[in-house]
Trainee: 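To start, I am sharing the structure in question, which I have written as structure tokens.
To find a chain, count down the sequence lines: A is the first, B the second, and so on, and within it residues start at 1.
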2 protein chains.
Amino acid sequence: MSDAKYMRVFQAVADEKRFEILKLLQSGAKTVGEIADSLGYLQPQTSKHLKILHQAGLVRVEAVANKRIYHLEKDGFTVLGDWLSSYIQRWEDQLDRLDAYLKEEEES
Amino acid sequence: MSDAKYMRVFQAVADEKRFEILKLLQSGAKTVGEIADSLGYLQPQTSKHLKILHQAGLVRVEAVANKRIYHLEKDGFTVLGDWLSSYIQRWEDQLDRLDAYLKEEEES
DNA sequence: TTTAAATATACCATTTTTAGAATATTCGTC
DNA sequence: GACGAATATTCTAAAAATGGTATATTTAAA
């Protein structure tokens with residue numbers, strides 16, 4: 001996985017308004033207008049933030065007539081999970097080593 | 001967990017140089033000078049970036065004489081994992097391993 | 001085919017973030 | 001206690017991201 005892909009996700013979430021949009025979408029998919037109204041944002045800004053979230057793979061768009069319904073999308077979160085697990089692994093291994101050490105102690 | 005805490009971690013990682021510093025530290029703890037040299041950054045910038053990573057709980061400092069050795073720190077990654085798991089739950093099947101790890105953390 | 005609603009884009013101002021250079025601080029050694 | 005090495009901080013300029021307003025685009029309905 002390219003660093004650029006990771007960065008796109010981190011940069012997308014690292015903005016308070018986009019962070020709030022993701023949180024709101026946890027309660028279900030919503031149109032641009034609904035998101036803007038719910039959070040008190042202007043429509044153009046909301047569209048721009050959604051575009052960034054979309055490019056990061058964190059949301060997907062469903063077109064219905066002249067409405068655009070935004071849903072949370074798995075891909076972006078998976079990217080984050082992949083990145084994270086390569087670091088988390090480090091402490092998991094530590095626990096494993098401790099575990100192995102304790103077992104050896106037991107045996108002696 | 002407060003949104004501010006999540007934001008500090010996302011904003012910390014959402015910078016290419018800080019991203020590279022974290023990656024470098026995976027190969028082991030290093031002094032400011034070693035990090036700056038390895039990545040071709042100037043020392044003052046390196047210190048500033050490390051400060052932001054530290055405030056996010058992603059690194060810790062070990063003081064040895066007039067040197068400062070920076071290590072990866074679990075806390076910041078756990079914060080990210082907590083945030084992620086609240087979203088990942090909706091897609092359950094994937095990232096089982098990370099999810100299982102985080103649940104163990106919760107219990108301890 | 002004109003109109004209104006919903007959304008996206010473009011453009012410019014503004015705020016925030018980062019970089020660079022100089023300086024301060026801390027620690028060990030002479 | 002003076003000096004050099006390692007790191008942190010401060011200040012200003014530059015760069016990047018965000019906000020606001022106007023406008024374009026698309027769609028349904030009159």
Trainee: Mind calculating the distance between CD (B:Gln55) and P (D:dA8) to the nearest angstrom?
Mentor: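 Result: 12 Å.
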
Trainee: Answer with yes or no whether the side chains of A:Ser47 and A:Gln43 bring together a donor and an acceptor at under 3.5 Å.
Mentor: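 Checked: A:Gln43/A:Ser47 side chains pair up, N/O donor to acceptor below 3.5 Å.
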
Trainee: When the nearest nucleotide of DNA chain D is assigned to A:Asn66 and to A:Ile52 on a heavy-atom basis, which residue is associated with the more 5' position?
Mentor: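 Residue closer to the 5' terminus by nearest nucleotide: A:Ile52.
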
Trainee: If you only use heavy atoms from C-beta on, which nucleotide in C:dT7, C:dT9, C:dG28 is closest to the side chain of A:Val32?
Mentor: C:dT7

Trainee: On the nucleotide D:dT27, are OP1 or OP2 found under 4.0 Å from the side-chain N or O atoms that A:Arg68 carries?
Mentor: no

Trainee: Report which part of the nucleic acid B:Tyr41 touches: base, sugar-phosphate, or nothing (heavy-atom distance under 4.0 Å, all strands).
Mentor: nothing

Trainee: Which listed nucleotide (D:dT7, C:dT7, C:dT9) is nearest to the side chain of A:Lys67?
Mentor: C:dT7

Trainee: To the nearest Å, give me how far apart NZ (B:Lys30) and P (D:dT7) are.
Mentor: 13 Å

Trainee: How many Å lie between CD on A:Glu34 and P on C:dA6, as a whole number?
Mentor: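 Answer to the nearest Å: 10 Å.
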
Trainee: Measure CD/B:Glu16 against P/C:dA19 and give the value in whole Å, please.
Mentor: 10 Å

Trainee: Mind calculating the distance between CG (B:Leu42) and P (C:dT23) to the nearest angstrom?
Mentor: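 In whole Å, C:dT23 P lies 17 Å from B:Leu42 CG.
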
Trainee: A:Tyr87 side chain to B:Lys23 main-chain N or O, any donor-acceptor pair under 3.5 Å?
Mentor: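 Checked: pair present.
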
Trainee: If you find the nucleotide of DNA chain D closest to B:Thr31 and the one closest to B:Lys48, which residue's nucleotide is nearer the 5' end?
Mentor: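 So the residue in question is B:Thr31.
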
Trainee: Whole-Å distance between C:dT26 C1' and B:Ile69 CD1?
Mentor: 16 Å

Trainee: For A:Gln45 and for B:Gln43, find the nucleotide of DNA chain C with the closest heavy atom, then tell me which residue's nucleotide is more 5'.
Mentor: A:Gln45

Trainee: Output yes when at least one side-chain N/O atom of B:His49 is less than 4.0 Å from OP1 or OP2 of C:dA19, else no.
Mentor: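 Answer is yes, contact under 4.0 Å.
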
Trainee: In whole angstrom, give the distance that lies between atom CG of B:Asp15 and atom P of C:dT16.
Mentor: 18 Å

Trainee: Is a donor on one side and an acceptor on the other found under 3.5 Å between the side chain of B:Arg18 and the backbone of B:Ala12?
Mentor: yes

Trainee: Classify the angle between the aromatic ring planes of A:Trp91 and B:Phe77 as parallel (below 30°), tilted (30 to 60°) or perpendicular (above 60°).
Mentor: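 Answer is tilted, since the angle falls between 30° and 60°.
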
Trainee: Starting from C1' on D:dT18, measure out to CZ on A:Phe19 and report it in whole angstrom.
Mentor: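 Rounding to the nearest Å, CZ of A:Phe19 and C1' of D:dT18 are 18 Å apart.
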
Trainee: At under 4.0 Å, does any side-chain N or O of A:Lys51 touch on OP1 or OP2 of C:dT7?
Mentor: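 No, because none of the side-chain N or O atoms of A:Lys51 sits under 4.0 Å from OP1 or OP2 of C:dT7.
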
Trainee: For A:Lys17, is there any backbone N or O sitting under 3.5 Å from a side-chain donor or acceptor partner on A:Gln45?
Mentor: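 Checked: no pair found.
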
